[in-house]
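Letters A, B, ... are given to chains in the order of the sequence lines, protein chains preceding strands, and every chain is numbered from 1.
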Protein chains: 2
Amino acid sequence: MTAQRRALIETIQEATAHLDVASLLMQAREREPRINRATVYRTVELLKGLGMIDELDLMHLNGEKHYYEVKTQQDHLHLACFECGQIIEFATPAFERLKQEIAAINQFAIQVTRLEVGGLCSSCAAKKEKRLQQEPKPGPRG
Amino acid sequence: MTAQRRALIETIQEATAHLDVASLLMQAREREPRINRATVYRTVELLKGLGMIDELDLMHLNGEKHYYEVKTQQDHLHLACFECGQIIEFATPAFERLKQEIAAINQFAIQVTRLEVGGLCSSCAAKKEKRLQQEPKPGPRG
DNA sequence: CTCCAGTTGCGAATTAGTCGCAACTATGCA
DNA sequence: TGCATAGTTGCGACTAATTCGCAACTGGAG
């Protein structure tokens, strides 16, 4: 257990938002300045393998980077709004049941699951609805 | 509708495996040699927006690339075996119900969903089981 | 046949992630 | 308390995936 790993683990655990490698590096450097980008990649890979963190894509709303969060007892899924970029987390027993069904029917030993949903959050859907009512004819020419 | 787009759409529709951009480009070039890599990226982005294809990561088993497949009526999920790399597709009404629950509870207008599961397929899990029985002491030195 | 909005090819730029290797350090042990 | 060393790190160059600007091209409407 090195100072670098400690700093990275603490940073992920105490993070309030989903962190990509770049922000994880910046924030971890506030605790321990001697951290290199490569170490972040290696540590994140390690923690994934140990099942301590989960990797997310968040529907690639902001480029191709990956995000990391501590793995909790109950898996949750991520709803990403294509309009405002908001990320909503959501957990439900139905998801746990689905996982059990997947494992049972396919005889598959599940280690990680990643369920991401893209669409419009309620307020963005409402805004879009309103816009359509106001301009009923977007038509062939804008 | 250009020749390039036609070739790309046909290639995806008739594909038997999940295609990444590189293989999509190669296969589409057999129909229409004048296709550029950038066009593949742009077309894939277009088709995603139109809801004609889905984008997959397949748990990044083979690097960071993305895979594409035609969107079918019923969403299916992908099981990726970390050991042998096999991809299993699976659809179940439980997934459709889960999606409805997600949409209802969060008032979220779902446009795409991506459920990927990583773990061990039945045969790889069996092999691993066997290996553990034969070498009960992997111990500190391999 | 002409026109032009939209599409494409090209090649360079950007971004995310990986690698090899020498230097360093946490930890177990004398 | 110091030594040995397995494992970790920093560095910087590298690879792979993707994006971009712009000039040339083209499908299809008129």
Side-chain angles (χ1 to χ4, degrees), chain A residues 1-12 18-50 52-69 114 138-142, chain B residues 1-12 18-50 52-69 85 114 118 138-142:
Chain A
M1 174 60 62
T2 60
Q4 286 88 336
R5 288 192 181 169
R6 226 187 323 272
L8 285 167
I9 293 172
E10 286 174 11
T11 303
I12 296 178
H18 295 116
L19 297 174
D20 61 7
V21 169
S23 10
L24 180 50
L25 177 59
M26 281 199 308
Q27 293 193 25
R29 271 182 175 162
E30 290 173 15
R31 293 166 189 271
E32 168 56 59
R34 311 194 91 266
I35 300 188
N36 188 268
R37 202 161 41 96
T39 300
V40 180
Y41 281 105
R42 289 189 280 229
T43 303
V44 140
E45 216 49 36
L46 177 74
L47 298 178
K48 252 200 314 181
L50 294 173
M52 290 176 60
I53 61 175
D54 272 329
E55 188 180 64
L56 314 172
D57 288 346
L58 300 183
M59 286 320 250
H60 299 300
L61 241 47
N62 292 298
E64 297 304 313
K65 37 188 166 243
H66 291 141
Y67 298 86
Y68 300 90
E69 65 178 17
R114 194 142 99 200
R141 42 186 92 62
Chain B
M1 174 59 64
T2 61
Q4 287 88 335
R5 287 192 182 168
R6 225 186 325 270
L8 286 167
I9 293 171
E10 287 174 10
T11 303
I12 296 178
H18 296 115
L19 297 174
D20 61 8
V21 169
S23 10
L24 180 50
L25 176 58
M26 281 197 310
Q27 293 193 24
R29 271 183 176 163
E30 289 173 16
R31 294 167 188 271
E32 169 55 59
R34 311 194 92 264
I35 300 188
N36 187 269
R37 204 156 35 91
T39 301
V40 180
Y41 281 104
R42 290 187 282 229
T43 303
V44 140
E45 215 50 36
L46 177 73
L47 299 178
K48 251 199 317 179
L50 294 173
M52 289 176 61
I53 61 174
D54 272 330
E55 188 179 64
L56 315 171
D57 288 347
L58 300 183
M59 287 319 255
H60 299 300
L61 242 45
N62 292 298
E64 297 303 314
K65 38 188 165 242
H66 292 140
Y67 298 86
Y68 301 91
E69 65 178 17
R114 194 143 99 201
R141 47 184 90 64

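Per the geometry, CG belonging to B/L46 stands 7 Å off P belonging to C/dT7, to the nearest Å. Spacing between atom CD1 of A/I35 and atom P of D/dT8 amounts to 15 Å, rounded to whole angstrom units. Separating the CG atom of B/L19 from the C1' atom of D/dA17 is a distance of 17 Å, rounded to the nearest angstrom.
Within the 4.5 Å cutoff, side-chain heavy atoms of B/R5 are placed close to those of B/L46. The shortest side-chain heavy-atom distance between B/M1 and B/I9 falls under the 4.5 Å cut-off.
Ionic pairing of A/E45 and A/R42 is not present here: no N-O contact between side-chain nitrogen and carboxylate oxygen is shorter than 4.0 angstrom. Electrostatic pairing of A/R114 and A/E55 counts as a salt bridge here, judged by a charged N lying under 4.0 Å from a carboxylate O.
The aromatic rings of A/H18 and A/Y67 stand perpendicular to each other, their planes meeting at an angle above 60°, with 30° marking the opposite boundary.
Heavy-atom minimum distance, B/G118 versus B/M59: N-CE, 4.0 Å.
For A/R5, whose side chain is taken as the heavy atoms from C-beta onward, the closest listed nucleotide among D/dT8, D/dG10, D/dG28 is D/dT8. Out of C/dT8, C/dA26, D/dG10, the shortest distance to the side chain of A/T2 is found at C/dA26.
Over its length, the helix from C/dC1-D/dG30 to C/dA30-D/dT1 turns its helix axis by 30°, as judged from the five terminal pairs at each end, rounded to 10°.
For C/dC10, one of the phosphate oxygens OP1 or OP2 lies less than 4.0 angstrom from a side-chain nitrogen or oxygen of B/N36. An OP1 or OP2 oxygen of C/dT25 is reached within less than 4.0 angstrom by no side-chain nitrogen or oxygen of A/Q4.
A residue-by-residue look at B/T43 and A/A3 shows that B/T43 has its nearest nucleotide of DNA chain C further toward the 5' end.
Remark: B/T2 OG1 to B/R34 CZ distance equals 12.0 Å, nearest 0.5 Å. The distance from the CD atom of A/E30 to the CD1 atom of A/I35 is 11.0 Å, given to the nearest 0.5 Å.
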Original post:
Could you run down nucleotides 14-19 of chain C 5' to 3' and tag each one B, S or - for protein heavy-atom contact under 4.0 Å?
Top reply: --SBBB
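A/S23 places no side-chain N or O within donor-acceptor distance of the main-chain N or O of A/L19, the cut-off being under 3.5 Å.
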